[in-house]
J.: 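Structure below; questions to follow.
Reminder, nothing fancy here: chain letters follow the sequence lines and each chain counts from 1.
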Amino acid sequence: MMGRYIVKRLIYMVPTLIGMSIIAFLIIQLPPGDYLTSMIARMTESGENVDPAQVARLREIYGLDDPVLIQYWKWISGILLRGDFGHSFEWNRPVSDLIWERMGSTLAISLASLLFVWAVALPIGIYSAVRRHSFGDYAFTFLGFLGLAIPNFILALTLMYVTYRYLGQSVGGLYSPQYVEAPWSWGKFVDLLSHLWIPIIVIGTSGTAALIRILRANLTDELNKPYVVTAKAKGLPEYKVVLKYPVRIALNPFVSAIGWVLPELISGVTITAIVLNLPTAGPLLLRALVSQDMYLAGSFILLMGVLTLIGMLVSDLLLALLDPRIRFT
Amino acid sequence: MTTQVFLDTVGEERPAVSPLKTGAPLEDIAVAGQWRLIWGRFIQHRVAVGAGIVIAVFYFIALFVEFLAPALPEASRPQYTYAPPQSIGLFVADESGGTRFQPHVKGYAIEVDPVALRRTFVVDDTKIVPIGFFVEGPTYKLWGVFAMNRHLIGPLNPTDPMYLLGTDKLGRDLMTRLIYGTRVSMSIGLVGVAISLCLGVVLGSLSGFYGGWVDMTIQRIIEVISSMPTIPLWLGLAAAIPLTWSPLQVYFVITLIVSLFGWTGLAREVRGRFYALRGEDFVTAARLDGSGERRLIFRHILPSLTSHILAVLTLAIPTMIVAETALSFLGVGLKPPVVSWGVLLQDAQNIRTVATAPWLLVWPAAAVVVVVLAYNFLGDGLRDAADPYES
Amino acid sequence: AEAKESAYFQAQVDSGELPPIAERLPVNPLVITPTERPGQQGGDWNHALVGGGSLSMVVRYQGYEPLVRYTPDWSGLTPNVAESYEVNEDGTEYTFHLRQGMKWSDGHPYTTEDVLFWYEDIFLDQDATMGGHTWWYAGGEVGKLEVIDDVTFRVTFAAPNGFFVQQLAWARQDHMVLAPKHYLQQFHIKYNPDANTLAQERGMESWIALFQRENGLDDDNVFFQNSARPTLMGWMWQSAPGENTEQAIAVRNPYYFKVDTEGTQLPYFDRIVYQMVADPEVLLLKTLQGEIDMMDQYIATPANKPVLFDAQETGDFGFYTLKETAANVMVFQLNLNHPDPVKNELFNTREFRQALSVAVDRQALIDTVFVGQGAPAQPSIRPDDPLYNERLATQHTEYDPEAANALLDELIPEKDGEGFRLDSQGRRLALIFELDQTRTTFIDMMQLVVPMFQAVGIDAQVRSMDRSLWETRVRNGREFDATCHQFGANSGIAAMLDARYFVPFNGNALYAPGWNLYYTEPENPQAIEPPSEIKAQQDLYRDLLGTAGAEQQNAKMAQLLENAADQFLVFGVSLPPDGYGVVKNNMVNVTKEMPNSFGWPTPAPTRPEQFFKS
Amino acid sequence: MGIGGMVAKLKADVADTGEPLLEVKDLSIDFHLRTHILHAVRNVSFALERGRTLCLVGESGSGKSVTARALLGIVDRQGRIAGGRILLHGDEGEVDIAQMTERSSELLRIRGGRIGLVFQEPMSSLSPVHTIGSQIIEALRLHRRLDARAARAETVELLRQVEIRDPETMVDRYTFEFSGGMRQRAMIAMALACDPDILIADEPTTALDVTTQAEILDLIKRLQVSRGMAMLLITHDMGVVAEVADDVAVMRYGRIVETGSVDDVFHAAQHPYTSSLLSSTVRLEQPRADIRDRAEALGEPVLSVRSLTKVYGAVSGWFGKSGPALTAVDDASFDLHAGENLGIVGESGSGKTTLGRLILRTVEPTSGSITYRRKDGTSDDVLALSKAGLKDYHRQVRLVFQDPFASLNPRMTVKQIVGDPLVVAGTLRGAALEHRVGELLDLVGIDPRSMERYPHAFSGGQRQRIGIARALALDPSVLIADEATAALDVSIRAQILDLLLDIQKRLGLSFIFISHDISVVRYFCDHVAVMHRGRIVEMGTAEEIVNNPREPYTQSLISAVPNPDPRNKRMLHRTRFKS
Ligand SMILES: Nc1ncnc2c1ncn2[C@@H]1O[C@H](COP(=O)(O)OP(=O)(O)OP(=O)(O)O)[C@@H](O)[C@H]1O
Ligand SMILES: Nc1ncnc2c1ncn2[C@@H]1O[C@H](COP(=O)(O)OP(=O)(O)OP(=O)(O)O)[C@@H](O)[C@H]1O
Ligand SMILES: [Mg+2]
Ligand SMILES: [Mg+2]
């Protein structure tokens, strides 16, 4: 049954993906101009003169004067028939190379921040729900909302300034310059850790408040249910009662949200990544969009679509795992 | 066991009750409606009421910005760029050597450093700038209609510098701008929040309630929308909206459109809960009572999600206020000359400000944090008030 | 002096991979006299690029090796790849002499064959050419290139071409030194009949696309992303930008053709290490920290000066001066080819522009945005330059709102209830300035200017937008009311080559898109025929470009400026105050004062190859 | 505890029968409500002794459950212990549970370990998202420190002891796959899991058929004898009291009005409330109150059920391995005539609830047919009804849920709940609505002034009456009452039954009365259907079934009905049905 369900979902994904790729491609085409416009913008910015005739010629050579649908077909048929995601105009490299290069660090940072967020928010959320209106509850709420209310890039900037000013550490990126090309070593690892905390805190603080509050809200509702009293009457210590029973039900919204955790972490923290100079996918995507490097941008969006779909499937399966009442409906 | 009989209780006809305060008469117990009950419980929640008052104050400020602000938001004075905040003094030295009551701020002694390219400000104790309430100052039009020149607070001589929160890079009064920013920040984004909320709740409910092909369709829509990164959308929209619109209109429309894309998260969460709840006995009972589907969804199931929805709502409001700054980063948010907290924060997003003019960062951020916290505690109070398990 | 082997290559030379130094240098290497003192080879130049994709900047540090280059003070030209060149009297015949034994970075000889390859198989090839290179044309015909021997070639023009060598020295315009035939021919259909197959294997449509990608002549990004293509430059890519998105490394070119006065082969630095930074603020922090050896782009803004100034000691760096070459800090440009006839007529009225100009309180802008550095001025030539024209520089700069109102009352006296002026059709006259949002100083200034215009009854508004959108709407569009920009040149040869504010002759004259087109393609249906005085000005400019000899050129330029003062097409705020750059205290041979320009790609003409760390 | 220890304890216990384990002294519990303070329990004192059973009986809402829960330190948020002591005697001397804080480790050890509690509403008291097994295993592992495997084995054994069929598979089932009675037994198993010294059982057998009930009570009795367990049993079934109690305490309005040995209370009741309680007890022998001529009373059949079948697939398999299909209702056919009362009795888990739900189509039948005939003579195929038709059908055929708590929306006040059908029907609004709701509540014996409270603030019996009030709100023509009176004390039950009969007389409605209490069924119903494992095994008039059961299962059922007379315990002479 389960197997059938999964297969069914996988089949549904195909039309969804096709629709998604078309919409993505159209949205990318929405801003006026194309890659060459942005190339001219870039070159004139630095004072260079660009000859319009030259540009028209380039446009022809790159196939940018084809109708959108033909461009789309070239791209999607390349993917479907040859597994070729196209060539990035801006980086002059195959799109798939570029994407994979960034995926490792993106996943690492995303997962680290996700773990951080969960590790911080779950206990605090539970604490806040169980000890509602206590000093701790208010204090954590305050801190959480502080993190939420201060825009990420400002927090990032401030933290970087503070590290520069008081810790004298190399800022931005994941490594100090001397370690970027170095092979893996203990020193490089320590260096990585000393760089990683800022992004994790910045990305983390903006997410914890949401998690804490939602968990607290849902948990408060569950805490009054008779089955919780039953569990207490068994003599379970409070933390076990809470963890085993109501938390499981209160997790429902989080599990629902798993679907877009990955895409969210990739695209949602773009600005932070730019400010912190992190080698993640977000800034690459943003650049691709701004410079209208359409195959790169399109493939990125498609990839995030796939991730979303997988995430949604996983989340639906987890929902069923968490709550038997939901199964197979 | 020995038999005991408590005959003194023979005549009792009802459970024993007593008034809440000893001595108060136990009147016939009033029956109140649910809303009155909720309100009654809300009133008792001190933090929440406080938060409610804070929000009311902010909206009050938003209503009367022109009057409350000591200056005009655009008024810039070249010699006062990056002037630090002043503090208020209450007493000044008299000619006779005594002191007399005169609220005032101290003026600045300014030096230009052409090498470091900056002005340095030193508080000049000899320059007393008397200030007062309801002073005359620059002329404004309240609500764009009534020309007035009274300001709640300001320097007695309108040409004197009074910068309680300091000035920005163009020598404009931060306090004034912060007050003006309230109007936009406390209003515009909220429309978007409201729309996303409605869409999320309604579509999530339908999806979870009906399941089957309704769920199938809505889920596919959600998948497509939520896998669509918003950035390209922003960039596209920014280009597609006619230029003759003012930045405020453009932003309003953009928040509307984005709210059409922002509901998916809530919808899925609501759906998940509906899935779990729709089989509950009390839902079946309501169905047997003849409730139509709409009533089942909105009257019977949805209230169980009150806490969740309130939490999401109180989280969405700050996100919207702050999102504006991120949007500006991409060039689609609010832009000068519009004044909003996001615009102020956006101005502060550089090392120069962090290092040399932290007040430009601290005050707008504080404003956002206060509002956000207030909304949250208000939401909390409402949640508690609606919670049947709270007394 | 006898050249010494570099430690960096010693191992390779010993193993026979590389020939010894004496065989690598040309017979006649270019001897560079260091700015301060000769140094030693070695070390890294720690550098950074912002934005990931924008590689034009690289030209400034390692990409400027034309046949002839500008002198460090931009007073003239000096030989570079070419050992020498001659021009005939009337500027129709240019003869260049290359260096005997000069080699590409892979050891393959660089000869006139490479030059001819570019000329015939790229520039003149129907398929491969991208057009452009207008300075190669004179009298309506393209210059003819003939090879005389391995090291000598001649370019002949049908009419005088006064600025040909100056144009070649302009950054990124000399393609004759950038196209290694032995490498590129494999992608050219003429030399490799299978070029199309090769292209398809690499996912390109045709050989043309692949050939473009490989030569990169028309896109700096593409050019600098290729580490396989041999180069004549001082450093070559070990890991090109884009191959690694975090860092790019260039290492010394073993065949570089320059030595110092002691015979040491240049460059001194073994490597340039560029960190790829996404946001200028991070670069600023890195600079504050002393991680960057030299930087005068991205972060060297007036706003950042105090922060950098305070960090001099901790970061162990100092400053050098950049002479600004932009014509003004901000040039207001009304669209003189506006499609709306009413606006078009109004904008083309000199008094209207004059009224707006005197409505601006320039001193306030200077005090606020530039901390008082500068003096009111229109876009013009610097006062210390022989071409300086006082009338052009100072007319209508005095702040006089009454005069502005008086002028406007003549033109558009009607006002609406809110005090805004109505045009002849009775519509409120809105003047929307469209700005590129990355130009934050413009936006700052416009925030102050808008109330000034409003004070004289003009409903001025500002719309800032994403750069590509701005490019599309303003540079390539016709619909906009007005915009602001800054560049152009304020002195010497540069002013003659880039006279955008004095005569509409190319796309950079944003105020007259239709007239620009008329200058190059009068037949184009999009072109708009300018009024006679503008047409005359364009003719004068065409004449100037054909003129050889500095004196005649100066005379014609002076006339051009005089006319520009009459026409008063655009107006500005102030001549830019001098900028600055940041340099680590241990960097030697950095010039203390230099122009800031792209054509003179700061700081390349001051010869980065002779920078070293003490 | 090792085996040796257990044996030693066992010996000691048997010797110590009668020694007080728990003493409650002057216990008072108040609820602080919006408008007033409710003294739900006032100066209650009693003692639980080793090996003995104290039965707490009394009016619904009199404070029995509140007292019972307080013994474990469980008090609702609005409530607080206003006075008194709860002294627990143990090896380390006596401790006062009333003084313990919620988080004290001592209290945790007592809960579940020394005192086991069976909640009144097992249906809602089990976690919906955990398997039954995991919830029992947890208690075992906590207090008896068993490893996972042993705990599981022990759990299966416990389930077997409480008469759950096929315990090996049932451990892995979820709560919602259990019938009401099965949940109740699972709850009992959980409370017994850790060999508590004291068992507090709050109406533990309301959802059990009499045979199962007898087995369970036997089981508890055995444990009491062997381990010296003390028991506080709260029940409304005077028969059960008579069968198992050693002592009886009678509660009314928060006070204990009479205590004494079971014999004294039954045969020499002093307090008038006790006497009235006993007199309203329905005995099996008691015939139907309102004897009428059946043949003439019965009109056309309003409901005809033919071959109704429901097969459940199991939900527990995570990766598709669905367990064996379960036929909850198997080929059920019967007719319900206008004005007829059809009783359905049968084993717990035999499909009674499911049958009721099938008729209303809240559970879709696997096969079979249902025909509903309206008063105007038109008839409908219920399985083919449109949405609107079904809505109308639901207005005429009403259901009282077996689990009153789950069927009341926790976020609606009682006023809204009872008023909801009226609001939907659009007949009443505003003050009129409020008035009608008050009337309905008054009818079922609930103080209308409490109508703004939420469901959780009511006692089990009160909630059940709220459910009845809701069902009656619309003047239905058929009422399916699933254990509608199980949680009511005898006097109120009598009152409710009379009310129902009264309504029936006025409106001519018919009842399907699902119940375990055969005395009540006999008293109330014209016809009785006996269900066993999904099938209707016997159908006949109430008199026939009670006096003259034909099927062996029915015989064993009748024989197990407890007799409300401690001097004549019928349960002991029951016949056991072996299938
Ligand atoms: N949380 C609460 N808030 C307010 N009143 C409550 C609360 N819990 C119980 N009560 C009231 O306390 C009284 C005693 O309730 P309790 O549950 O002990 O009754 P009971 O004797 O067990 O009745 P039943 O036999 O119906 O189960 C009832 O009147 C009930 O309405
Ligand atoms: N949702 C379900 N999924 C699977 N099995 C179920 C489900 N609901 C009930 N069952 C099973 O169907 C059978 C009949 O259940 P039902 O609730 O109808 O019994 P009942 O006669 O009402 O028993 P009780 O008197 O104990 O309430 C039981 O064996 C039960 O385990
Ligand atoms: Mg009870
Ligand atoms: Mg049942």
J.: As an exercise: rank C:Asp444, C:Asn304, C:Val307, C:Leu284 by heavy-atom pairs under 4.5 Å with chain B and give me the winner.
T.: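 Most pairs with chain B among the choices: C:Asp444.
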J.: With a 4.5 angstrom heavy-atom cut-off, which part of C:Leu365 approaches chain B: side chain, backbone, both or neither?
T.: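 C:Leu365 has no heavy atom closer than 4.5 Å to chain B.
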J.: Determine whether C:Val371 and B:Asp113 satisfy the following criterion, side chain to side chain contact (heavy atoms under 4.5 Å, CB included), listing intermediate values before the conclusion.
T.: CA-CA 8 Å; C:Val371 199; B:Asp113 179 344; over 6 Å; no
J.: Is the side chain of B:Arg77 donor-acceptor paired with the backbone N or O of C:Thr368 at a distance under 3.5 Å, no angle test?
T.: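 No, because the side chain of B:Arg77 does not come within donor-acceptor range (under 3.5 Å) of the backbone of C:Thr368.
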J.: Do the side chains of B:Arg119 and C:Asp367 get nearer than 4.5 Å, heavy atoms only?
T.: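 Side chain of C:Asp367 against side chain of B:Arg119, heavy atoms only: contact under 4.5 Å found.
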J.: Is it the backbone or the side chain of C:Glu479 that comes under 4.5 Å from a heavy atom of chain B, or both, or neither?
T.: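 Answer is neither: C:Glu479 stays 4.5 Å or more from chain B.
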J.: Sort C:Leu285 into side chain, backbone, both or neither according to what part of it lies under 4.5 angstrom from a heavy atom of chain B.
T.: side chain
J.: Check C:Phe319, C:Tyr580, C:Phe309 against B:Val115 for a side-chain contact (heavy atoms from CB on, under 4.5 Å) and give me the one that passes.
T.: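 Passing option: C:Phe309.
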J.: Looking at OG of B:Ser76 and CD of C:Gln447, how far apart are the two atoms once the value is rounded to the nearest 0.5 Å?
T.: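 Between B:Ser76 OG and C:Gln447 CD, I get 9.0 Å after rounding to 0.5 Å.
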J.: Okay, side chain of B:Lys169, backbone of C:Val369: is any donor-acceptor separation there less than 3.5 Å?
T.: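 No; judged by distance alone, with no hydrogens or angles, the pair does not exist.
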J.: Before accepting this row, confirm whether a basic side-chain N of the pair B:Arg118/C:Asp310 lies closer than 4.0 Å to the acidic partner's carboxylate O.
T.: yes
J.: Can you give me the closest heavy-atom contact between B:Ala116 and C:Lys305, atom names plus distance?
T.: O-CG, 3.5 Å
J.: Within a 6.0 Å radius of atom NZ on C:Lys592, are there more than 12 heavy atoms belonging to other residues, nucleotides or ligands?
T.: yes
J.: So, C:Glu281 side chain and B:Asn350 main chain: donor-acceptor pair closer than 3.5 Å or not?
T.: no
J.: Tell me if the CH2 atom of B:Trp363 is crowded by more than 12 foreign heavy atoms within 6.0 Å.
T.: no
J.: If I measure from the heavy atoms of chain B, does C:Phe480 come under 4.5 Å with its side chain, its backbone, both, or neither?
T.: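 Neither; nothing under 4.5 Å.
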J.: Quick check for you: among B:Val112, B:Thr81, B:Leu117, B:Thr356, which has the greatest number of heavy-atom pairs under 4.5 Å with chain C?
T.: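 Highest number of pairs under 4.5 Å: B:Leu117.
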